[in-house]
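A short worksheet on the structure shown next.
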Amino acid sequence: MRNGTWQRRWYFLKIFLGSPSESSSQYRAWHGLIAADNWGSQPSTSAFRYIGLREIFSKNTTVFAMCRFSFCTLLLEWWDNAEIPLSQTNEEGEDLLTVAVIGGCKPICEALIKRGIQVNVPVQDTGYTKSWDMSYGSALIAAAARGETKIVEFLVEKGADLNMPLQSGSYSSTLEAAVWGGQSEIIEFLVEKGANVNEPLQRGKHGRALITAAERGEARIIEFLVEKGADLNMPLEYNEYGYGSALAAAVARGETKIIELLIEKGADL
């Protein structure tokens, strides 16, 4: 009975979607309804409270929806055999790998890389920023920011560049993304694998990962970064908020314990 139920779900899902590269008329009709609903407010039960239609655009192809909604097991045959163009991006400028990471599905990431998708493709700057979520400049940054430890490890194993310069997204480096999310396990892994704790960030809000940690009040992360060589008094090349140092960021945020910690560690008053 269970096997029969699974087969029916698989059958109807495939009919609804059409194929990875060409959607069905049913899917396009559904896409149009969702687009119309997006002009209003969605109920709290709607998946589209936190998933934008731009993430699964266009309506003529279903592969972005397959990645974002983690349609893996039911569509395993498609991931193994169907024709899937790897170079396409959605309206956010995200490639399929980045969308699969945001969906939190490691098996789909594995399938895409097995097919030949590149791990170091930066997200294109479309000039549009999601209002309900942070935007990501690469697949690795998406994994680090969202706490997807296993996916981070997998992408690094497959050659993801820990210090890749970025031109879009809310974060300027993978380490900064992990620090902002308080992802201690991922931070330690990234530094162990060669992430630069003193990397000057050329864009973004904070200038350096250490400043991000100070602003967030992350004492344990600050101690770890300093232990690994982070320079408390390194001059900044860029900082959108105007903080001149990690200590200034802590003062601006009123983080008394962080101020004391930074001074204790040698921050220049």
Please state whether the rings of W30 and F16 are parallel, tilted or perpendicular, taking 30° and 60° as the class boundaries.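 Taking F16 first and then W30, their aromatic rings stand perpendicular (interplane angle over 60°).
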
Could you give me the CA-CA distance, side-chain angles and deciding distance for K114 and E110, then say whether salt bridge (Lys or Arg N to Asp or Glu O under 4.0 Å) is met? CA-CA 6 Å; K114 184 178 179 181; E110 291 171 341; over 6 Å; no

Hydrophobic clustering (ILVMFWY, side-chain heavy atoms < 4.5 Å, transitive) - are [Y] and [X] grouped together?
| X | Y | result |
| --- | --- | --- |
| L97 | V121 | no |
| F12 | L76 | no |
| F154 | I117 | yes |
| I56 | I34 | yes |
| V63 | V123 | no |

Would you say the side-chain atoms of S170 and S135 include a donor-acceptor pair closer than 3.5 Å?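 Yes - a donor-acceptor pair under 3.5 Å links their side chains.
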
Decide whether R54 and N90 meet the rule of one side-chain donor and one side-chain acceptor closer than 3.5 Å.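 R54 vs N90: no donor-acceptor pair found between side chains.
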
Which pair of heavy atoms, one from [X] and one from [Y], lies closest together, and at what distance?
| X | Y | value |
| --- | --- | --- |
| Q118 | D95 | O-OD2, 4.2 Å |
| T98 | S138 | OG1-C, 3.9 Å |
| L262 | A250 | CD1-CB, 4.1 Å |
| S245 | L232 | CB-O, 4.5 Å |
| F64 | E55 | CB-O, 3.6 Å |
| W78 | L17 | CZ3-CD1, 3.8 Å |

Could you state the interatomic distance from [atom1] ([X]) to [atom2] ([Y]), rounded to the nearest 0.5 Å?
| X | Y | atom1 | atom2 | answer |
| --- | --- | --- | --- | --- |
| L261 | K265 | CG | NZ | 6.0 Å |
| C67 | W79 | SG | CH2 | 3.5 Å |
| L140 | M164 | CG | CE | 7.5 Å |
| T61 | E22 | OG1 | CD | 9.0 Å |
| S19 | L75 | OG | CG | 11.0 Å |
| E148 | L155 | CD | CG | 10.0 Å |

Can you tell if the side chain of [X] reaches within under 4.5 Å of the side chain of [Y], non-hydrogen atoms only?
| X | Y | result |
| --- | --- | --- |
| L247 | I263 | yes |
| T62 | F71 | no |
| N81 | E77 | yes |
| R68 | I102 | yes |
| R208 | N198 | yes |
| N163 | D161 | yes |
| L96 | I84 | yes |
| E176 | I211 | no |

Verdict with reasoning, N60 to H31, per side-chain contact (heavy atoms from CB on, under 4.5 Å): CA-CA 9 Å; N60 296 318; H31 200 282; over 6 Å; no

From CA spacing to verdict: side-chain contact (heavy atoms from CB on, under 4.5 Å), Y136, R146: CA-CA 10 Å; Y136 314 106; R146 298 175 75 88; 3.1 Å; yes

[X] atom [atom1], over 12 foreign heavy atoms within 6.0 Å:
| X | atom1 | value |
| --- | --- | --- |
| K59 | NZ | no |
| E227 | CD | yes |
| R220 | CZ | no |

Check whether Q88 reaches the backbone of P85 with its side chain - one donor and one acceptor, N or O, closer than 3.5 Å.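 Present.
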
Under 3.5 Å: donor-acceptor pair, side chain of R28, backbone of S23: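 The answer is yes, because a donor-acceptor pair under 3.5 Å joins these two groups.
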
Between C109 and V101, does a side-chain contact (heavy atoms from CB on, under 4.5 Å) hold up when you go through it step by step? CA-CA 7 Å; C109 295; V101 169; 3.7 Å; yes

Let me see the working for T149 and F189 under side-chain contact (heavy atoms from CB on, under 4.5 Å), right down to the final yes or no. CA-CA 9 Å; T149 305; F189 173 79; over 6 Å; no

